[in-house]
There are 2 protein chains.
Amino acid sequence: MTQTRTTRLDRGRSALGPALELVHTGQAPTRAVLTAELGVTRATAGAVAAELEALGLITVDAHPTAPVGSQGRPSHRLAIDPAGPVALAAQIHADGYRAALVGLGGRIVATAPGCGIVDADPAQVISEVVEVGAELLRTTGRRCVGAGLAVPSAVAEPEGTALNPLHLAWEAGAPVRDTFRACLAETGVTDQVHGAAVAGFAANDLNVAALAEHRHGAGRGARHLLVVGTGHHGVGGALVLDGRLHTGSSGLALEVGHLTVDPEGRPCHCGSRGCLDVETDPVALFDAAGRTADSGTSLLTQAAELVRTRYADDPGVREAAGRLIDRLGLGLAGLVNILNPDRIVLAGLHRALVEADGERLRGVVADRSLWGRSGSVPVLPSELEHNSLVGAAELAWQPVLDDPIGTLGG
Amino acid sequence: MTQTRTTRLDRGRSALGPALELVHTGQAPTRAVLTAELGVTRATAGAVAAELEALGLITVDAHPTAPVGSQGRPSHRLAIDPAGPVALAAQIHADGYRAALVGLGGRIVATAPGCGIVDADPAQVISEVVEVGAELLRTTGRRCVGAGLAVPSAVAEPEGTALNPLHLAWEAGAPVRDTFRACLAETGVTDQVHGAAVAGFAANDLNVAALAEHRHGAGRGARHLLVVGTGHHGVGGALVLDGRLHTGSSGLALEVGHLTVDPEGRPCHCGSRGCLDVETDPVALFDAAGRTADSGTSLLTQAAELVRTRYADDPGVREAAGRLIDRLGLGLAGLVNILNPDRIVLAGLHRALVEADGERLRGVVADRSLWGRSGSVPVLPSELEHNSLVGAAELAWQPVLDDPIGTLGG
DNA sequence: CTCTCTTTGTGCCGACACTAAACAAAATAC
DNA sequence: GTATTTTGTTTAGTGTCGGCACAAAGAGAG
């Protein structure tokens, strides 16, 4: 028997992947920088850049960019090819779904108007959002490298099933990833290189948001990034370690909603009391402020807006939000003791809280974490508007970043 | 059977490191297995094995081992060279210190009788234990690849300082790693290849114990391994992710002693109440059992012995230990929700608890973790007797595993 | 016993990613 | 103008590993 072809040790052997990652995260403006960052010779960096250009991923300026104050030959600028391939990103949330095309660097190239239907089974909703995305691909004529789906639920690995699809009319255990892939195949979103359907990935929305923030937002450069956020469906967490999402052994890590932050707090559906989830969500804010929400926009939006506009002036809001900040700080401190991240990024209502009074929040985290004083952890608001959508695209871009030639041709 | 070495493998990027890791963890009995595990051709596996033999790390049997039931040409056995190089392992604990020489595969080659002096400053104790280790090297004449030190304190990275050296007459912030290195250089434990002092590493004892258990003990094969244990200095945790110790951004991760497991529990020195630390330590056991410890052996030893010998028969001990098991289970469940490990290994008194009633402990973990029912986490007792010592050696072996030729020369 | 099949190990060559070093180019400094 | 600095390219060379042919060492069939 002839020996089977093996590629296991070939992964990562080429400098192409790391180079593309640098371009992707905006850290490779020129070939000279690429040389330094990759630790290779100028010859290699030049060859790598040429290869990326040949793959249609980047453009190299014909004319050098005038340097400001340095001597030496000026560099030619490397830029992400604006006409390059894109990833199909889809997001399903409590209010409906969204689709977009996202290019390298997390740039949203095209978006479809959102839709508000959620009272349907997974197959129906996923089918619709894939159809919308496919339409985007057809009208723009873009080449597609893959597709990613963000869902408001923990996604089990490696099954790809949604375990707690709260606020969605889905049963637990819905095979979202396989459904997504089937829809991609049916809709004819095919890979121009390999002829088959493009690879489809599905993950929790906050997890992929963390990925997006790490690469293009407030988490850029962090080695161990912790992201915590309140969405429409409770508090969630995500962890990015050395550039990779840590989802645990079965995709269920960072279920931080039920950390106890007040032993005498509100009862939680998990059976305990004073969970981070029920103590720092929009309902807790309105209750603490003695207000009632309007029936118009979502509770989350109203709560964030309330904190943003009234924290400085309204003592009632200040006290209510302060209560949430203290509880959140306690939860974050517990996570700091366990995970020791070098940065924390907050999303959703938590983002509004840190923007309103980051000083207070950071103080609580420092006081209640064991090593807070030896170097307090930066706690920042998230930066990207559509981080879940961009993050869904990251899932699809990942194989390309790992092995550009293997996925795009050659 | 010797093979002419025509080409030398490139340092760092070759299959040599992964191959040595397989040998080290006992997963490479033959070249054929090496071929399959590495995903390389037989030619490469053969060259790699020859290189490891040339480095003096392994031996290749001259005669093939008779296969039991399979056909085909029988394999020649690969074995760790019993006369190969060793790592110098040192451990400082509450009762004294220990030193040993540890070969590849975590095999303890030589040990020095322990010593009980701890009422000295770090420089003094470290100097003594290094002298004992150097004497071991002199008498055995073994080649030394590096040295590792395990201390009962969190070690800050990258400073290498001991942050909370409890039960030791050390001030916080003692530069244990640099002291260790200085002692190695002074004592003349030098690297035969490079002429300089051997590389010295220092880390928390439970962290390195986790490393040892992952590679040679109860954690073998786990992708995400959580280790929790009670020692003489409180409860600690450690996490091994994809074979690497996760110590967080500054070495302070997994400080799990102050998870709240009983809101109305005993007051803790951290200012809170009912921390995992004070609820599951030997003192808590004796108090719950209404017993007092003897003054002879250490509290930890007595507590573990009590659980081991009396849990089955003595209702008082059973109830007291059961109380600790429930509290421990609650703490572990919280960690499972955050880290989602695929295995948990318990050390110290916690090991005695899981050995006494693993069923009860696993039940609590499953009940109180959010996804317990979808697949409960295995909780196992630690297997290695001297896991901190073996783990300290792992620190020293790591550079060799990463780049055999670069560290051992060639 | 011989013949065949299966599996393991080795020799040889080429593919390929990268380095090293020389050369060329484009700016600033003097 | 020339010198210097920095960037990019060309060419030759090195080392790793895959592919393939072949050899070796057993089991099983006849």
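When reading the values below, keep in mind they use all heavy atoms of this one structure, side chains included, and skip hydrogens, waters and symmetry mates.
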Rounded to the nearest angstrom, tell me the gap between atom NE2 in A/His76 and atom P in C/dA27.
-> 8 Å

Rounded to 10 degrees, the angle between the two terminal axes of the helix from C/dC1-D/dG30 to C/dC30-D/dG1, each from five pairs | 10°

Rounded to whole Å, the CD-P distance (A/Gln71 to D/dT5) equals 7 Å

Looking at B/Ser75, does any N or O in its side chain come under 4.0 Å of the phosphate oxygens OP1/OP2 on C/dT7?
-> no

Hey, are the side chains of A/Leu57 and A/Leu408 touching, using non-hydrogen atoms and a 4.5 Å cut-off?
-> yes

Residue-phosphate contact under 4.0 Å: A/Thr30 side-chain N/O, D/dT7 OP1/OP2 | no

CZ of A/Arg77 versus C1' of D/dG8: gap in Å, rounded?
-> 16 Å

OP1 or OP2 of C/dT19 under 4.0 Å from side-chain N/O of A/Thr44 = yes

Do the side chain of B/His214 and the main chain of B/Ala222 share a donor and acceptor less than 3.5 angstrom apart?
-> yes

Under 6.0 Å between the ring centres of B/His224 and A/His246?
-> yes

Could you check if a side-chain atom of A/Ser14 sits within less than 4.5 angstrom of a side-chain atom of A/Ile405, using non-hydrogen atoms only?
-> no

First encountered from the 5' end of DNA chain C, between A/Gly39 and A/Pro64 | A/Gly39

Contacts under 3.5 Å, N or O only, protein and nucleotides 20-24 of chain C:
none

Distance in angstrom units between B/Asp61 CG and D/dG26 P, rounded | 13 Å

Taking only side-chain nitrogens and oxygens of B/Arg31, does any of them come within less than 4.0 Å of OP1 or OP2 of C/dT8?
-> no

Qualifying residues under side-chain hydrogen bond (donor to acceptor under 3.5 Å, both in side chains), relative to B/Ser250, sequence neighbours excluded = A/Asn340

Calculate the interatomic distance between A/Leu16 atom CG and C/dC16 atom P; express it in whole Å.
-> 14 Å

Could you tell me which residues satisfy ring pair (Phe, Tyr, Trp, His ring centres under 6.0 Å) with B/His216, sequence neighbours excluded, listed by chain and number?
-> B/His24

Spacing between A/His63 atom NE2 and D/dG8 atom P, to the nearest angstrom | 15 Å

Using the test side-chain hydrogen bond (donor to acceptor under 3.5 Å, both in side chains), find all partners of A/Arg244 that sit at least two apart in sequence or belong to another chain.
-> A/Asp402

Any side-chain heavy atom of A/Val145 sitting closer than 4.5 Å to one from A/Thr407?
-> no

Report yes if the side chains of B/Leu78 and B/Leu34 come closer than 4.5 Å at any heavy-atom pair, otherwise no.
-> yes

Taking CG from A/Leu38 and P from D/dG8, how many angstroms apart are they, rounded to a whole number?
-> 13 Å

Listed nucleotide nearest any side-chain atom of B/Ser14, set C/dC18, D/dC17, C/dG9 | D/dC17

Candidates D/dG18, C/dA29, D/dA25 - which lies nearest the side chain of B/Pro74 | D/dA25

B/Glu51 CD to D/dC17 P, straight-line distance once rounded to whole Å = 11 Å

Sequence neighbours excluded, the answer for side-chain hydrogen bond (donor to acceptor under 3.5 Å, both in side chains) partners of A/Ser75 is none

